[in-house]
Enquirer: 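Can you read through this structure? Questions will come right after.
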Amino acid sequence: MAEGIDASIFICTLLRELLYGKPEANLFPIVCFTDCKSLHDALKSQEFVSEKRLRLEISEIKEQLQNL
């Protein structure tokens with residue numbers, strides 16, 4: 001999901017620049033879907049995930065979702 005969010009932010013920024021010349025305008029909403037219940041629960045929870053590498057990915061996804 002982290003890679004998908006990164007790619008969608010890049011594509012939206014690129015389209016905004018090409019079409020409107022405004023890279024900072026929020027013209028294209030990004031909506032994320034998952035079928036992984038544990039990912040959904042980890043994103044909604046305030047508790048830490050047990051694996052360190054997964055903890056970094058979850059925190060990155062949370063930060064990106066807040067900035068959308």
Side-chain angles (χ1 to χ4, degrees):
M1 180 176 267
E3 291 178 17
I5 293 171
D6 283 339
S8 62
I9 290 172
F10 172 75
I11 291 170
C12 286
T13 304
L14 184 65
L15 284 173
R16 286 187 299 241
E17 280 189 51
L18 290 173
L19 297 175
Y20 303 105
K22 300 175 185 177
E24 68 280 345
N26 191 8
L27 301 172
F28 301 106
I30 298 171
V31 180
C32 301
F33 294 95
T34 182
D35 62 347
C36 181
K37 184 169 176 12
S38 60
L39 174 62
H40 180 269
D41 293 343
L43 291 174
K44 297 293 181 182
S45 175
Q46 296 296 327
E47 297 180 17
F48 286 114
V49 180
S50 59
E51 295 181 38
K52 290 181 183 179
R53 296 179 83 190
L54 206 52
R55 201 178 304 163
L56 291 172
E57 290 288 327
I58 296 293
S59 64
E60 181 183 344
I61 292 171
K62 283 183 179 181
E63 184 177 322
Q64 288 176 335
L65 290 175
Q66 288 175 354
N67 293 333
L68 293 180

Enquirer: State, yes or no, whether a side-chain contact exists between Ile30 and Ile5 at a heavy-atom distance under 4.5 Å.
Expert: no
Enquirer: Would you say that Leu65 contacts Glu60 through its side chain, given a criterion of any heavy-atom pair below 4.5 Å between the two side chains?
Expert: no
Enquirer: Taking Ile61 as the starting point, is it possible to reach Leu56 by hopping between hydrophobic residues whose side chains are less than 4.5 Å apart?
Expert: no
Enquirer: For the atom pair CD (Gln64) and OG (Ser8), what is the distance rounded to the nearest 0.5 Å?
Expert: 8.0 Å
Enquirer: What verdict does the side-chain contact (heavy atoms from CB on, under 4.5 Å) test give for Met1 and Leu43, after you've listed the backbone C-alpha separation in whole Å, the side-chain angles of each residue and the deciding distance to 0.1 Å?
Expert: CA-CA 11 Å; Met1 180 176 267; Leu43 291 174; 4.2 Å; yes
Enquirer: If you compare all heavy atoms of Lys62 against all heavy atoms of Ser45, which two are closest, and at what distance to 0.1 Å?
Expert: NZ-O, 2.8 Å
Enquirer: Is any side-chain heavy atom of Arg16 less than 4.5 Å from a side-chain heavy atom of Cys12?
Expert: yes
Enquirer: I want to check something: taking the side chain as every heavy atom from C-beta on, are Ile58 and Leu39 in contact at a cut-off of under 4.5 Å?
Expert: yes
Enquirer: Can you tell me how far the CD atom of Glu63 sits from the OG atom of Ser59, to the nearest 0.5 Å?
Expert: 7.5 Å
Enquirer: Would you give the length of the straight line joining atom CG of Leu14 to atom CD1 of Ile9, rounded to the nearest 0.5 angstrom?
Expert: 13.5 Å
